[in-house]
Every structure is written in C-alpha cells, then in structure tokens.
Amino acid sequence: MSDTTTFTLEVLRYNPESDDVPHAESFSVPYQEDWVVLDALNWVKDNVDGSLTFRWSCHMAVCGSCGMMVNNEPVLSCKAFLRDYLKDGKGTITVGALKNFPVEKDLVIVMDSFMEKLEAVKPWIIRTTEKPVEEGTFIQLPKQLKRFKHHTSCINCLLCYAACPQVGLNPGFIGPAALALAHRYNLDSRDQGKDLRKDVTASEYGVWECTFVSACSEVCPKDVEPAGAIQEQKIESSIDWALDHLIPGRKAR
Amino acid sequence: MSRKPYEPTLPNTWWLEKPFYIRYMLREMTSFFVGAYVAILIVGLWQLSQGPDAWGSFLGVLSHPLSVIFHVLAFVFATFHTVTWFALTPRTTPIMRGDHFVPPGPIIGAQYVIWAAASIVVLAAVLW
Amino acid sequence: MSKTTGRKTYTRANKPLVWFPFAGGGLVAALMLPVMIFVTGIAVPLGLIDAEALSYDRVYAFAANPLGKIILFGVLVLPLWHAAHRFRMTIQDLGARTSGSRSVVAALCYGFGMVFTLLCLAALLSFW
Ligand code: SF4
Ligand code: FES
C-alpha cells in the first residue's frame, strides 16, 4: 500500500456531552477502489478516532442499520462505493446522520418514534377467526403472493423517512416504511386485520399527510415502493369512508 | 449517562435543496394555474348568464396581452400537471394480469391515447 | 372508530371529503385543461381559431343544454377543488406548520373553492 491517494471524509459530528449542534470534522482517508463509505468510517474509527460513532452490522445491504446521508442523499453506507463519489480517488465526501430524526451521537439517530409508529400499524398477520390445525395450511396462490411481495422486502433502514419532507414537517406522520408494511399485511390473503389497521393508517397521521412526493420510493434500496402503497391506501380508505357514510350501519362494524 | 439528542428542524427552504424536490414543488405549483384558470372560466360563465354584452366584455378581457401571457403560462403548467399525473398512475393503480404486474409503459401510454382523444373531441366540437 | 396504541390515540379522519374531489379533479384537469386553455386563452384571443367559435349564441346554446351544464360543472368544479386542496398542501410545504396557521390556510383555500362552486352553480342554474 505504498503511495496511496487519499480523499477527505467530512463527517458531521455531534457529541451530546459537549455539543449543542453538530459540527463538521474532516479526516484524510486512504482511497481503495473497492471500498464503500462504511469502510472509510471504520478505517477512521480504527486508526484515527475511536470515538466516531455509527451503526452497522451486515456490510451487505441486508440489516438496514448503516443508513446515513452521504453528500446529502440518504443511502446505505455499506452500498455506497467511494469510486462513485470521487474522481481518481480524490475529492471530498460528506457524511451526516439521517435527516428528520433526532441525533443521539455522531451518525447514530434516535429511532424510538419509528418503532412506535411501526407497532401502531400492527405489522403481523391478524386473524379474527383462527383456523383449526386439522383444516390444514393456508393456501396462497403465486399471484396472491406477487401482489404484495415487493412490500415485504423492507429492512427498516429509514432512508425513506430521511427523504420524505412530510416526515420532517409533520412529526406524527406514520411515514413510508410503516405504511407500506401495513399495506403488505392488508394485501396478504391470510390476513383479516385490515379494518383494525385502518383506524391508524386512515387517521390524520396516516396516509393523508402524504403529498406523493415519492422521494421514498426513489431512495429505497429494496424497491419496496412505499409511495405506491400509500396512494393505494388513500384510494381504498376513501371508498371505505364513502361507503361508511352512504350505507347506514356499516360504520358500526 | 444522560441522553441529550440533537433535534433538527426542517428549514422552509427544504425544497430548494435538490432538483427532485424542485420538480415536486413545480408540480404542486400547477395548482395555482389550474385554480386561477377555472376561476376565470367560472366568472366567464357568470358573464354569459348576464347577456351578450357582458359575455363580449369577458372575451375582451381574454384578448388582453396580459391575459394571453397568463394563459400561455397556464398552458405550460397544466401540461406539466398532465405529464406528472400520468407518470404517477402506475404507482397509484397497479394492474395485475395473471401472475404479473402490467409494466408502467403501457399504463402511461394508454393515458396519453385517452388524452389525445379527449383533446381532439374538444377541438372538433369547437371548430364544428 | 379510534385506536389507542402505546402513546397515541388514532381516529379515522374525514379527509376523503376533500381527497375524492382532489383525485377526480386531478384526472379531469390532466385530460381536459391543456386543450381548454389553448382554445379559450390562446387560440381564440390570438385569432388562430375564428372568434365565432366562442360567440355568445354558440356558448349560450351549449350552456343552456342540460348535458352541457353537467359537462361544464364537472370540467370546472372538479379541477377547482383539485387546485384548492393541492394549493393548501403546498402552502403547508412552504411553511405553515402550526395548527393555527394551517386552519387559516385551509379556510382560505376551501373558501375559495366554495365561493366559485356557488358562482358556477348560480350561473348554470340561472338560464335554461
Ligand atoms: S421502505 Fe425501503 S427505504 Fe424505507 S425503511 Fe424499508 S427498505 Fe428502507
Ligand atoms: S451494514 Fe447492514 S445494511 Fe449496511
């Protein structure tokens, strides 16, 4: 590793014990053709400043824990190759914590609000009537699975929350990933919990806060298509609402 | 150790940060021209109900250069609304055929066909 | 119906009341407005289309016909509410964040929709 080129990694840092606002700190990092931004951060942590704090685990775009802003775009840092941001291994890459979330320290965000919202939409199969074991398994046709399969791929990386201005403007907004997951279970042929979920997804904190910016679907690393999931729910909830008001007694289900 | 998370706020200029957001804001701004145009036409309808003279003065206002400039702008924005609206339809109403989704291309294309047909019908009715 | 989870109570909202006209109006606007703007705001005022196309007698005959009235109402009022709702959300995007300012914006935008809906109805119902 002689005469390696180096580039500048500018990290937005925040230390809750000494800072009131985040500040930028630059590190000179050796460039490697096959490195991703996460590798550069680990190099800094191992060689320069052990206090640099960030989340990661799988290093293969599966666990969803390494999301951050790289050059102001929300990305998985384990999937963001240095070579895509630099010219001949030189230049500057800026890294910051995901937008629209409180910052715990450096690149680590507080995700409690998301966990609450996720729980609120009941992202699991709900049955109003249990099927006895003797009656066998649930049959699901390929086309029934296909209908919602892309909505199941979410890894809770929260890039979509960082990309969505409505999340930033309306802190109570349930948000893209949780609403997509609600839709995923609503569409599952084995599920019977749609009506229960709608109390949350069709509330003022649910799909109505969305203005179809569709930035969520653009940044999603797993093609979950949250923007589409939300619009479909707007249409369905609207029809539902109309029927509730036209058919006497329907609402009191 | 006690926690003291930094709480950021989104600045009102957020939409200036990226071309993607600027495009979104232009799309939303089409509503200004859509609203203003239909409001003008509704006023025209009212003038129509008041007799030939009132209708004539409404047509006079439409011929004013400022009015034409406004309508050219409104035409550009309304067309932008059309294009963006069609582009998003595959997401709002995905269609399945058999075991697969219909790809976005045909869904968007079909809307352009309907758009062209509607426009031709209106033009034909006007020129009749 | 409402649902209380950990910390929050969720109640189904009445948003479809404005969302239905928004979505329907968006579609009508996408299909109809560009050609309408072209005819009434550009082509006739500039003489590209003969002024006779929008003469009092022709337009009156169209608007006096019950079917014409329904078409005009749909083509004007649906996009009107589409615009009112979208413009309201745009102002929120641009900085109306407190519930107080949001109520004012909503009142103004939907008030605009209401006033012009009534004007449109008054005009259409005043002659047959
Ligand atoms: S929907 Fe996509 S962007 Fe959002 S949390 Fe899931 S995987 Fe990440
Ligand atoms: S480290 Fe697991 S997704 Fe990046």
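First the proteins, then the strands, lettered A, B, ... as listed; each starts at 1.
- Heavy atoms of A:Phe212 lying under 4.5 Å from chain B belong to its backbone as well as its side chain.
- Heavy-atom neighbours of A:Lys143 NZ from other residues, nucleotides or ligands within 6.0 Å: at or below the threshold of 12.
- Taking each heavy atom of A:Glu232 and B:Pro94 in turn, the nearest pair found is OE2-CG, 3.4 Å.
- Atom CD in A:Glu104 sits 4.0 Å away from atom CZ in B:Arg3 (nearest 0.5 Å).
- Around the CZ atom of B:Arg23, the shell of radius 6.0 Å holds no more than 12 heavy atoms that belong to other residues, nucleotides or ligands.
- The two residues B:Pro8 and A:Pro102 make their nearest non-hydrogen contact at CD-CA, 3.9 Å.
- For chain B, the option among A:Gly228, A:Gly168, A:Pro165 with the highest count of heavy-atom pairs below 4.5 Å is A:Pro165.
- In this structure, B:Arg91 CZ and A:Glu225 CD are separated by 4.5 Å, a value rounded to the nearest 0.5 Å.
- Considering only heavy-atom pairs separated by less than 4.5 Å from chain B, the leading option among A:Arg147, A:Lys105, A:Gln231 is A:Arg147.
- Taking NZ of A:Lys146 as the start and CE of B:Met96 as the end, the distance is 7.0 Å to the nearest 0.5 Å.
- For chain A, the nearby parts of B:Thr92 are the backbone and the side chain; heavy atoms of each come within less than 4.5 Å.
- Between B:Tyr21 and A:Ala215, the shortest heavy-atom distance links the atoms CE2-CB, 4.1 Å.
- Neither the backbone nor the side chain of A:Val108 comes within contact range of chain B, judged by heavy atoms closer than 4.5 Å.
- Shown here is A:Lys149, whose NZ atom has no more than 12 heavy atoms of other residues, nucleotides or ligands within 6.0 Å.
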Full working for salt bridge (Lys or Arg N to Asp or Glu O under 4.0 Å) between A:Asp20 and B:Lys4:
CA-CA 9 Å; A:Asp20 287 323; B:Lys4 193 190 85 181; 3.3 Å; yes
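- Contact of B:Arg27 with chain A is made through the side chain alone, with heavy-atom distances under 4.5 Å.
- The candidate from A:Asn100, A:Thr211, A:Leu145 with the greatest count of non-hydrogen atom pairs under 4.5 Å with chain B is A:Thr211.
- By the 4.0 Å N-to-carboxylate-O rule, B:Glu17 lies close enough to A:Lys99 to be salt-bridged with it.
- Both the backbone and the side chain of A:Asn72 come within less than 4.5 Å of a heavy atom of chain B.
- Between A:Tyr14 and B:Tyr6, the two ring planes are tilted [angle within 30° to 60°].
- When heavy atoms are compared at a cutoff of 4.5 Å, A:Ile235 approaches chain B solely by way of its side chain, counted from C-beta outward.
- Residue contact with chain A, scored on non-hydrogen atoms closer than 4.5 Å, is absent for B:Pro90.
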